[in-house]
Structure formats: structure tokens, C-alpha cells
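Numbers here are sequence positions counted from 1. Each ligand, and each atom within it, is numbered from 1 in the order the structure gives.
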Amino acid sequence: MAREAFFLQFAKEIRPQLKKTVVYLTGGFRTVPGMVKAIEDGVTDGIGIGRPITAEIDFPSKVLSGKVQSALINPFDQDFAISNIASNTQMWQAQQTPYNPNVDINEGIMDMSDEKVEEHFRVAVQKYAEELVALAKSGKPLYGVFNYTPEQLCEKVAA
Ligand SMILES: Cc1cc2nc3c(=O)[nH]c(=O)nc-3n(C[C@H](O)[C@H](O)[C@H](O)COP(=O)(O)O)c2cc1C
């Protein structure tokens, strides 16, 4: 638990020097006990969360209301390159899904804790990476995000 956040030790060391600053520590926080401990230990005033929120937009409110004790499992969490692409994709997926107060706010966002989604995304992102390399080699600009939905890949696999 002590190692959940990447910069816990670093924050612990510099925190005493910061007299007029509110400290927010970001990177690696996934469980509520880990977040609470960091605050109770005086390492940080607040918790910053990146990648878990693109998977579950309402994660902060679920944490604050006690509905969840941890973020969704992300099998790519230890690989920042892939999980960063995945986060951008999830933001794109969220944007593709019109807001409907009667539907879960995370509707349309891939849930990588689902093994099938993980498997599909692993294949698709590999192909996307190869396309990026080819673009870079031909001197063309790289822009945009990976517009991917698990359904699209299923269709491709089935075809
Ligand atoms: C899609 C995406 C975009 C990000 N953009 C920025 C940024 O513009 N500036 C920045 O300092 N960090 C950026 N980050 C890093 C996050 O703020 C955060 O430090 C990092 O994701 C580690 O936290 P996490 O383990 O909770 O994801 C970005 C991360 C992701 C996944």
C-alpha cells in the first residue's frame, strides 16, 4: 500500500519545505485506503488521479460517496505508453456517446478490466502503433487519438 503512489517517498521528503502550498500528489493512486493513508500520513493534502478517470468518469464521486474502494483494474497500468493511448481513446469514446441522464455515464467507454476488451485492445493498439511508426518514417505528422471501439475490432475479426 505504501508504494501505491509513484512519488510518495519524494512527496514525503519535500512536503515539510512547502509552507504556503497546498500539495496534491498524482500518479499511481488506485485504492481508497492508499489515498486515505497518504493524506492521514501528512504526505499530501489531496489526491490527483489520471488514467482511472478516463475509464470511469465518476470515479471521484464514487470514492467520496464510499461506493467503491478502488479503481477499475487496468491490465496496461504498468505500461504508460499503452495506457496513455487507452486513456485518450476512452476520452474519445466518451465524446462519441451523447449524454443521457438515464444511462450510466460510463456507457460507451471500454472497460479494460474485461478480459475480452483487453485482448482486443492489445491486438488493435499493436496495429495502431505500427501505423504510427510507418507515418513517422514517411515524415508525416502524427496527430489525433486512436479511434477504437471493441465492437469495431470484433467486426474486423469476424469478417
Ligand atoms: C491522456 C493523458 C493526458 C495527460 N496529460 C497531461 C498533461 O497535459 N500534463 C501533465 O502534467 N500530465 C498529464 N498527464 C499525466 C497525468 O496527469 C498523471 O500524472 C499520470 O497519468 C499519472 O497518474 P495516474 O497513475 O493516476 O494515471 C496525462 C495523462 C494521461 C493519461
Side-chain angles (χ1 to χ4, degrees), residues 1-15 17-18 20-99 104-115 117-133 135-136 141-150 152-153:
M1 196 69 70
R3 288 168 182 267
E4 182 171 320
F6 308 145
F7 304 114
L8 208 61
Q9 188 57 37
F10 177 64
K12 208 177 211 167
E13 286 168 27
I14 63 164
R15 177 84 197 275
Q17 312 302 321
L18 304 170
K20 297 179 185 169
T21 306
V22 175
V23 174
Y24 267 67
L25 183 58
T26 305
F29 282 112
R30 298 296 178 263
T31 70
V32 173
M35 298 173 202
V36 169
K37 188 170 188 316
I39 292 173
E40 283 183 350
D41 287 352
V43 176
T44 184
D45 297 301
I47 306 294
I49 300 165
R51 289 162 293 167
I53 290 176
T54 63
E56 198 175 10
I57 291 170
D58 53 351
F59 181 59
S61 71
K62 283 176 175 163
V63 167
L64 294 173
S65 65
K67 272 191 195 152
V68 299
Q69 283 296 301
S70 74
L72 290 172
I73 289 168
N74 179 349
F76 302 107
D77 217 17
Q78 301 306 313
D79 184 331
F80 194 83
I82 292 188
S83 55
N84 188 36
I85 292 174
S87 278
N88 279 300
T89 296
Q90 287 172 323
M91 287 189 275
W92 174 80
Q93 290 169 342
Q95 182 225 328
Q96 299 306 301
T97 315
Y99 176 66
D104 185 280
I105 197 161
N106 301 304
E107 184 74 19
I109 300 175
M110 64 180 168
D111 173 4
M112 286 183 300
S113 65
D114 179 328
E115 272 179 31
V117 175
E118 175 196 350
E119 215 173 285
H120 288 159
F121 188 75
R122 196 182 292 281
V123 174
V125 83
Q126 175 69 33
K127 218 169 149 234
Y128 174 70
E130 284 163 16
E131 284 165 15
L132 285 186
V133 169
L135 270 178
L142 307 177
Y143 60 90
V145 300
F146 181 29
N147 299 349
Y148 162 82
T149 64
Q152 279 167 357
L153 192 74

### Task
Look at the side chain of Thr54 and the backbone N and O of Gly50, then say whether any donor-acceptor pair between them is shorter than 3.5 Å.
no

### Query
Any protein heavy atom sitting closer than 4.0 Å to atom 2 (C) of ligand 1?
yes

### Task
Within a distance under 4.0 Å of any heavy atom of Met91, pick out the atoms of ligand 1 and give their elements.
1 (C)

### Task
Would you indicate which of Phe7, Phe80, Phe6 comes nearest to atom 15 (C) of ligand 1 when only heavy atoms are counted?
Phe80

### Query
Which ligand 1 atoms does Asn84 reach within 4.0 Å, using its non-hydrogen atoms?
1 (C), 2 (C), 30 (C), 31 (C)

### Message
Strictly less than 4.0 Å: does any protein heavy-atom distance to atom 28 (C) of ligand 1 fall in that range?
### Response
no

#### Entry: For Ile49, the ligand 1 atoms whose distance to one of its heavy atoms is below 4.0 Å
26 (O)

### Task
State the CG-CG distance between Asp58 and Leu64, to the nearest 0.5 angstrom.
11.5 Å

### Task
Check ring-ring contact (aromatic ring centres under 6.0 Å, His included) between Phe59 and all other residues, then give those that pass, not counting sequence neighbours.
none

### Message
Gly28 versus ligand 1: do any nitrogen or oxygen atoms come within less than 3.5 Å of each other?
### Response
yes

#### Entry: Heavy-atom protein contact below 4.0 Å for atom 25 (O) of ligand 1
yes

### Task
Within a distance under 4.0 Å of any heavy atom of Arg51, pick out the atoms of ligand 1 and give their elements.
21 (O), 24 (P), 25 (O), 26 (O), 27 (O), 31 (C)

### Task
Flag yes if more than 12 heavy atoms outside Ile39 fall under 6.0 Å of its CD1 atom; otherwise flag no.
yes

## Note on the structure
Going by the 4.0 angstrom heavy-atom rule, the piece of Phe29 near ligand 1 is neither

### Task
Give a yes or no on whether atom 6 (C) of ligand 1 lies under 4.0 Å from any heavy atom of the protein.
no

### Query
Less than 3.5 Å between some nitrogen or oxygen of Gly50 and one of ligand 1, yes or no?
yes

### Summary
Rounded to the nearest 0.5 Å, the CD1 atom of Ile82 sits from the CZ atom of Arg122 at a distance of 6.5 Å

### Query
If you measure from each non-hydrogen atom of Glu4 to ligand 1, which part falls under 4.0 Å: side chain, backbone, both or neither?
neither

### Query
Does the protein put a heavy atom under 4.0 Å from atom 13 (C) of ligand 1?
no

#### Entry: Spacing of Asp77 atom CG and Leu72 atom CG [to the nearest 0.5 Å]
11.0 Å

### Query
Quick one: nearest non-hydrogen protein atom to atom 18 (C) of ligand 1, plus distance?
Thr26 CG2, 3.7 Å

### Query
Against heavy atoms of Ser87, which atoms of ligand 1 measure under 4.0 Å?
1 (C), 31 (C)

### Task
Taking Glu4 for its side chain and Arg30 for its backbone only, find out whether a donor-acceptor pair lies under 3.5 Å.
yes

### CG on Asp114 to CD1 on Ile73, rounded to 0.5 Å
11.5 Å

### Query
Is a donor on one side and an acceptor on the other found under 3.5 Å between the side chain of Thr44 and the backbone of Val23?
yes

#### Entry: atom 22 (C) of ligand 1: nearest protein contact (heavy atom, Å)
Gly27 CA, 3.6 Å

### Task
Step through the shown structure and confirm whether more than 12 heavy atoms of other residues, nucleotides or ligands are within 6.0 Å of NZ on Lys62.
yes

## Note on the structure
If we number the atoms of ligand 1 from 1 as shown, the ones under 4.0 Å from a heavy atom of Asn88 are 1 (C)

### Query
Quick one: does Glu56's side chain have a donor or acceptor within less than 3.5 Å of a partner on Ala71's backbone?
no

